[in-house]
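Lettering of chains follows the sequences in order, A, B, ..., and the numbering in each one begins at 1.
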Amino acid sequence: MKYIIRKTASMAVTVLIVSFLVFLAFSVIPGDPAVAKLGTSATPEKLVKLREELGLNRPLPVRYFEWIKSFLFGDMGTSYSYGVSVRSMLAGKLPITFCLTGMSFVLIIVISIPLGISAAKYEDTLFSKITDVLNQAVMAVPAFFTGILITYAAGLVLHLFTPGGYVSYRESMGGFLYYMLFPALAIALPKTAMNVRLLKSSVLKEAKLDYVRTAYSRGNSTNDVLYKHVLKNALIPVITFLGMTLSDIVAGSLIIEQVFSIPGIGRMLITSIGNRDYPVVGAIITIVAFIVIFINYIVDILYQVIDPRTRRQG
Amino acid sequence: MKRKRLLNHKLIAGAVITAFVVLVSAAGFFYTPYDPNMMDAASKFAGISLKHPLGCDNFGRDILSRIISGSGTTLVIAFCTVLIGSVGGMLAGAVTGYFGGAADEIIMRFNDAVLAFPSILLALVFISVIGSGKYKVILALGIVFIPSFARLVRAEFIKCRSMDYVSSAKLMGASDLRIMFVHILPNTMKVMLSSVAIGFNNAVLAEAGMSFLGIGVVPPDSSLGRMLSEAQAFIFVKPSYAIFSGAMIVLMILGFSMLSEGLEAL
Amino acid sequence: MLDVTDLNIEFHDHLTPETVVNDFDLHMDYGEIVGLVGESGSGKTMSALAIAGLLSRKNMKKRGRIEFEGTDILNCPRNELRSLQGKDISMVFQEPMNSLDPLKKIGYQVEESLKIHTDMSAKNRKRLALRALSEVELPDPKGIYELYPHELSGGMRQRVMIAAAIISKPKLLICDEPTTALDVTIQAQILELLKKINKRYNTAILFISHDLSLVRKLCKRVLVMYRGNVVESGEAEQVFSHPEAEYTRLLIAAIPKFEKLRKD
Amino acid sequence: MEELVLKVDKLNAWYKTRGTIFNRGENRRQILHDISFEIRRGEIAGLVGESGCGKSTLGKAILSMVKDTEGEVLHFSENPQMIFQDPYGSLNPSKTVGWILEEPLRIRGELKNSLRDELVIDMLRRAGLDESYLDRYPSELSGGQRQRVCIAQALMLKPSLIIADEPVSALDVTIQSQIIRLLLELNRELGIAFIFISHDLKIVYQICDRVMVMSGGRIIEEGSDEEVYFHPKCEYTKKLLRAAGCDQKENRN
């Protein structure tokens, strides 16, 4: 319990630091939004008036707390380019990106864990050697190139889907999920390869430790030793990796959306960077940041559930 | 006593691939078969031929020449990025790891916060504030790479600072600076070397990703990521363009990652 | 009970095969305590692992016979071997820090062999586990039952290991340097404990150590190994007072003596 | 009476157990309690006790390698040195033996190059090695050879006091006695005083003039070797002696 409280406090501190940095980056560094808004029609009087209207004349910390408060209540400001609220712009796009991220995460786990375990179990066999080589190769292919290759192979050659033919989930849930399967696969493949390798080496490393010999000496079968003792220990580094991966996937999906023309927050981010639409960029970055921090928090808690050694000292 | 092997097959394969990639791109600074930006309407989408070994793109530019010069740009960016990241990270990690204390805690908390993010996303934040272009990409990625190196060097320093040889150097009256840079630093080099290789890997990946999104290098510079995004538009007519430029990225990453693993296994 | 004849073990992971155990013979009766002495690399641990049926099957060639109550441990099928391990033959290892699964509660690890070999109810298993824990003189067995290995000291962990090894009342207990990693006073306590267990259950103990003086305290019979060969065997007192092999003499001479060095 | 080289008066030491931002300072654990003793020139004092009793911490605290201490440590000699238990960690793996031995002189900026070499070779020989070791790296040496290099390095600054923290417990039995003999030789020839920290009561008896027994961060018994080994006052000392096979009856005859 103490551990959870401490981790929660630490998460809160990180949230504060990160959001302050984002606030600094997008509200202060790019220059005066009043100047940007008025453009050529700016006169000193108009600027002062607008600044007062926008609350820009107040001290920085006050502005930060105002900003974070309204952000947490869902008011993320107004887009420079479109003049509509950032919230309404994001509303329809977040679920799409979440769905993509979630799908690829599930794919990674479903493919890599059984594969990693069998690669370790059948070490020194042809199967294990083939997985080794495949892993090394697949790992080296960046997700966006995997995406292009999938577009080409599955879309243009095999006609399994129409590249660029995004199906909205409002139109057809099944069609949407089927279309999303391909970009999710593109994101998942390199990470899956990495995880298979990690799990394999982790299992093999654990299998050399003394407690495994103890387990055998009590009459456990090979499978019992693997599933009752080794696996849980071997999963500890895998959880760390999956936590890091999850935040990588979020970033990966921003790029993959571009490859498969999916109208998620990734494409919006790129467009907004191009337009220098700082409220939108800031909002997206902050949301992604909060998600990443939250994932790390969950990973920390998971550790504590799995590994009793972290409970005492933390 | 177990004798460690001096070479392993991963190290050799990684070194060969990396050497090939580096040589090809270095040669590109002096000679490419064609001017990589020379357009030639007559050879638009030309196929593979003796004249154009990898064919031509939508503007009739020679793909081989573009790949060679694009790899050069990508590698230069990766090199500078890793240089900034490793030197900055080394200094920060050495100081925080050796001295510890409150400054260390603050810097590392900040570091952890930054490290939790995918590097490409952070670089995007920078780029969106300072604008894109070759040098700005280097700056953005370089800064973004500092924390990971810092964490690594810090961990090594923490490991070393409690070693008995450091205690005995202190007993003899060696200064902190001397202990940090003469006694401890050489012992972190092995770890540094393999993480520099993996740093190249990440830098290539990040640069390619950013340029692919069109917020990395800007024309007339061309990099592999940028070419891949151009090629994606013509994947219907000319898949080989995308495949060749992508393959070059894959080759680079493969080389650096195998090199890193090979070094680690030494 | 146990009859080992002409045991040979060769490693095959290098280009030239390496013999680690050469013509090892051992006979043990019920309730006997036998010591196996040698320095690191003498093959004593390898022989013990072979007797416990724990040698991995890769890169290794084994010849000879290890007969335990009529079962040939070297060549019997895996299931038959498993039905002995943890039931009739138990083992205690050197490193109490690493020999327990860090993620499982002490209770689970102590009663694991009951779980594998009997269809006892959970309640009965727990009862026996608590009894075994108090038998190895651990304070507060109920509390320890719920703890994890990292919450115990080295000596306590070694006691837990012993409790887990004796819970199914094995006929043979193999102890591989069980006290090397522990402080002297704890060492003495563990030796006492092993003696008690031997008396109470008539458990035969194969005690492996590099420390001749420890072996002398515990064992009636002793085997001295050097580079894979048994160079001397016999009654412990006899070996100690009239060593025949040159190597045994060296070993005895290397025991630090309780006398002044500076007056020589 | 020989002159003092070290006087420790009411030394207390604490380790910080990991605190949080909220309760800093609360979590400090006392390792040493009111330790007082003196070391005279040329004497070998044994410091015995079981693991965790604070004997290593005491050795470090004497050389101000422990941060949180109270009490007085007075050195009456220059450059007291330390020899550590693990010969693998006490030599910088990226430097040659020659470099390691010269380093103390470089730090002091004391000697010219030619004299430096001479001194290095001299100390190396004293430690039982020769100049062929100068260009070797620690990884090429055995545990015993490393410990000899450590001893040579400690000798470079001509100390009058060396604290040896379990210097032989990581070595093979046969090597152990060689190193012990070397220490004894240095004590006799150079008059160096030693604090010999060990858990092995027999080895301590072999070389020490005086013995201090530690338990729970306190020195619970102190006296000449004869007093402590044959007329122990504390129950704990008796128990230790018994466990180590040093009880009187068995070994006196």
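Contacts of A:I249 with chain B are absent, with no heavy-atom separation under 4.5 Å from either backbone or side chain. Heavy atoms closer than 4.5 Å to chain A are found nowhere in B:L122, neither backbone nor side chain. Heavy-atom distances place the side chain of B:I215, and not its backbone, under 4.5 Å from chain A. Contacts of B:A231 with chain A are absent, with no heavy-atom separation under 4.5 Å from either backbone or side chain. For chain A, the nearby parts of B:L124 are the backbone and the side chain; heavy atoms of each come within less than 4.5 Å.
Counting heavy-atom pairs closer than 4.5 Å to chain A, the top residue among B:M252, B:M258, B:M210 is B:M258. Per-residue counts of heavy-atom pairs under 4.5 Å with chain A were compared for B:L205, B:N201, B:V250, B:V204; the largest is that of B:V250. Between chain B and the options A:V288, A:I273, A:N296, the largest number of non-hydrogen pairs under 4.5 Å is found for A:I273. Residue with the most contacts toward chain B among A:T14, A:I255, A:V15: A:I255 (heavy-atom pairs, distance under 4.5 Å).
Using a distance-only test at 3.5 Å, with no hydrogens or angles considered, no donor-acceptor pair links the side chain of B:Q232 to the main chain of A:I148.
Side chains of A:F144 and B:L213 form no contact here, defined as non-hydrogen atoms less than 4.5 Å apart. Side-chain contact check for B:S257 versus A:Q136: some heavy-atom pair is nearer than 4.5 Å. Contact check for B:I253 versus A:V141: no side-chain heavy atoms found under the 4.5 Å cut-off.
Among B:L224, B:L228, B:I249, the one residue that satisfies the side-chain contact (heavy atoms from CB on, under 4.5 Å) test with A:F145 is B:L228.
The environment of B:R151 atom CZ is sparse: at most 12 non-hydrogen atoms of other residues, nucleotides or ligands sit within 6.0 angstrom.
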